[in-house]
Amino acid sequence: MGILSWIVMGFLVGALAKWIMPGPDPGGCIVTTLIGIAGAFVGGIIGSQLFGLGPVNSFSIGNILIATGGALLLLFLYRQVVKRR
């Protein structure tokens with residue numbers, strides 16, 4: 001997938017992660033989108049390297065679920081770090 005595809009998927013995944021884990025997050029939509037993009041990368045790496053699910057190279061339900069899992073993980077970690085401040 002190209003970088004533009006990762007950004008689009010990250011936006012969708014960030015919105016999906018925010019819908020699954022609602023709550024007040026500092027930074028709003030932009031931070032959520034960045035977390036979604038990073039989550040897509042993290043989910044792809046974890047899914048392909050640790051669990052052997054294959055490369056993330058298309059928009060499929062499985063890849064969106066993997067990317068959403070990565071975004072949820074990063075959103076949870078982000079909230080923990082911000083809460084401690």
Q.
With rounding to the nearest 0.5 angstrom, report the CG to CD distance, Leu75 to Gln80.
A. 10.0 Å
Q | Non-neighbouring partners of Ile37 that pass side-chain contact (heavy atoms from CB on, under 4.5 Å), sequence neighbours left out | A | Ile7, Thr33, Phe41
Q | Residue list, side-chain contact (heavy atoms from CB on, under 4.5 Å) with Leu34, at least two apart or on another chain | A | Ile30
Q: Please name all residues satisfying side-chain contact (heavy atoms from CB on, under 4.5 Å) with Leu65, sequence neighbours left out, ordered by chain then number.
A: Ile61
Q. Which atom pair, heavy atoms only, marks the closest approach of Met21 to Arg79?
A. O-NH2, 2.5 Å
**Q.** Close side-chain approach of Val82 and Tyr78, heavy atoms under 4.5 Å
**A.** yes
(Q) Could you measure the distance from the CG atom of Leu73 to the OG1 atom of Thr68? Nearest 0.5 Å is fine. (A) 12.5 Å
Q. Val13 and Ala71: which non-hydrogen atoms are nearest, and at how many Å?
A. CG1-CB, 3.4 Å
